[in-house]
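Keep in mind the model is a prediction, meaning the values are calculated, not measured.
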Amino acid sequence: MTVVVTGLGAVSCFGSGTGALWEGLLGASRRPDPAPDVCGLPARPHLYAAPDTGAPEGGTGRTGALLATAVAEAVAEAGLTPGDLGDAGLTVGTSLGDIDLAERPGETAPSPATHRVTAALATRFGIGGPGQTLSTACSAGAYAVAWGAELIETGQADIVVACGGDAFSRVAVGTLERFGLLDGECCRPFDADRAGMVTGEGAAALVLESAASAERRGRPAQAVLAGHGWSCDAHHPMAPEPTGEQLRRSAARALAGIGGTPGAAVLHRAGVALNDTVEATAISEAVTAAGGTGGEVLGYAPKAVMGHTAGAAGVFGCVIATLVLRHRLVPPNAHVTTPDPDCPLSVPLDGPAPLPRPSVLVSGTGFGGNNAVLSWRAAA
């Protein structure tokens with residue numbers, strides 16, 4: 001069964017809406033202002049904050065509020081009615097849920113259990129079909145989109161709202177600092193001297209729909225999900241398996257739906273040297289095994305300008321892939337002084353590059369070796 005995208009939503013450090021996201025990605029040299037006093041921490045260059053989207057509702061925290069904003073935009077663009085949503089599915093990728101509720105000083109807060117965010121979204125929007133919360137670390141968003149597609153492919157739902165979100169966590173930021181994973185200046189995923197990630201927050205959403213349902217409702221398809229695959233390294237709680245065997249396996253499954261070399265790859269690449277190298281190599285090898293060449297693929301790493309948004313990252317990747325297909329452009333990569341000589345993909349630097357072929361691969365990886373890869377192609 002063919003799965004298409006009929007609605008997009010996003011809230012990021014660039015502002016609320018997919019329009020703000022796209023303009024921010026095109027302005028690659030821009031560095032968001034450091035977030036002031038976020039989660040009890042002083043302003044610093046590796047905290048890229050999303051705008052205030054209003055007071056959370058129904059006992060949710062900041063993650064729930066960000067997700068509600070992104071989902072509202074996607075639902076509106078897809079033209080979904082309450083009747084449509086009553087039978088729709090919901091998949092949510094988040095690492096920590098409403099963690100801010102548990103980190104407020106001097107307050108006794110309910111558990112930030114991730115499923116609470118999903119329940120609150122379902123209640124707010126009247127989404128009555130099958131629901132699932134995915135918390136596979138930083139690949140959670142990519143898993144949420146793929147799981148949503150499976151609900152449609154297996155006939156459990158005609159429409160699924162697939163989304164992901166995470167807000168800043170004081171504990172998480174402190175832990176990343178202690179592990180030495182944060183770059184004190186900016187994120188430089190394609191630079192030979194990259195020194196770590198920056199942290200971001202936000203939420204993104206897609207309305208997935210069977211092609212038959214979209215046609216029946218008279219809604220145009222913005223992109224087609226061509227394939228998806230997931231795997232687990234089973235190697236280390238934090239570090240990727242050095243050969244990238246399982247990520248390559250996921251990429252091969254996703255590529256099978258394209259039937260050729262993708263025009264671009266929206267990478268998980270976050271500025272951590274080993275992880276970045278393993279990811280780019282695995283994807284290039286999967287493309288080569290499918291009869292193409294890694295150098296023909298335009299690699300793009302959005303975390304350089306929007307930060308690592310944890311459980312939202314994979315959904316952001318899919319939203320960006322849809323925008324790339326819509327505009328037939330790949331945004332330029334930011335903060336590259338000395339290009340990484342070990343990257344086998346082509347890397348646009350000086351400005352937006354024309355998309356050479358109407359297909360885009362999206363890669364998501366996470367702690368615990370959780371991998372999810374999806375491929376998208378332009379709608380006919």
Side-chain angles (χ1 to χ4, degrees), residues 63 66-67 70 89-99 111-119 121 130-151 160-167 169 171-172 175-176 179 181 197 199-206 208 225 227-241 244-251 253-254 266-270 272 274-276 278-279 282-283 303 308-319 321 361-375:
T63 296
L66 293 170
L67 278 164
L90 174 65
T91 58
V92 181
T94 181
S95 290
L96 297 171
D98 281 323
I99 189 65
S111 165
T114 54
H115 72 270
R116 295 176 186 271
V117 175
T118 305
L121 283 173
Q132 181 69 41
T133 309
L134 289 303
S135 294
T136 52
C138 298
S139 63
Y143 270 84
V145 177
W147 194 282
E150 287 207 351
L151 289 177
V160 173
V161 177
C163 58
D166 266 310
S169 159
V171 172
T175 301
L176 292 171
F179 280 133
L181 293 175
M197 68 178 75
T199 52
E201 63 174 1
L206 302 95
L208 303 176
L225 180 60
H228 55 89
W230 52 46
S231 62
C232 183
D233 293 351
H235 172 72
H236 189 275
M238 292 176 58
E241 195 278 314
E245 177 184 358
Q246 294 304 321
L247 178 57
R248 185 167 58 250
R249 176 169 161 255
S250 293
R253 290 192 63 184
V266 180
L267 301 171
H268 187 85
R269 201 174 179 102
V272 180
L274 175 61
N275 303 55
D276 292 353
V278 169
E279 180 188 24
I283 288 176
K303 293 180 179 64
H308 194 327
T309 53
V315 188
F316 269 118
C318 294
V319 168
L361 200 69
V362 176
S363 172
T365 63
F367 283 168
N370 293 295
N371 310 304
V373 184
L374 306 97
S375 64

Is the number of heavy atoms from other residues, nucleotides or ligands within 6.0 Å of CH2 (W230) greater than 12?
yes
Check against side chain to side chain contact (heavy atoms under 4.5 Å, CB included), L96 and T63
CA-CA 9 Å; L96 297 171; T63 296; over 6 Å; no
Is there side-chain contact between V272 and M197, with at least one heavy-atom pair below 4.5 Å?
yes
May I ask you to test the S139-N371 pair for a side-chain heavy-atom distance under 4.5 Å?
no
4.5 Å side-chain heavy-atom contact, L151 and T91:
yes
Heavy-atom distance under 4.5 Å between the side chains of T365 and N275, does that happen here?
no
For E279 and S363, does a side-chain donor sit closer than 3.5 Å to a side-chain acceptor?
yes
Geometric class of the H268/H308 ring pair [parallel <30°, tilted 30-60°, perpendicular >60°]
perpendicular
With sequence neighbours left out, what residues match R253 under salt bridge (Lys or Arg N to Asp or Glu O under 4.0 Å)?
none
Go through the steps to decide whether V373 and S231 satisfy the test side chain to side chain contact (heavy atoms under 4.5 Å, CB included), and finish with yes or no.
CA-CA 9 Å; V373 184; S231 62; over 6 Å; no
Polar side chain donor-acceptor pair, T114 to T94, under 3.5 angstrom
no
Using atom types as modelled and distance alone, determine if a side-chain donor or acceptor of D166 lies under 3.5 Å from a backbone N or O of G164.
no
Counting N and O atoms only, with roles assigned by atom type, does the side chain of T309 sit under 3.5 Å from a partner on the main chain of G200, one being a donor and the other an acceptor?
no
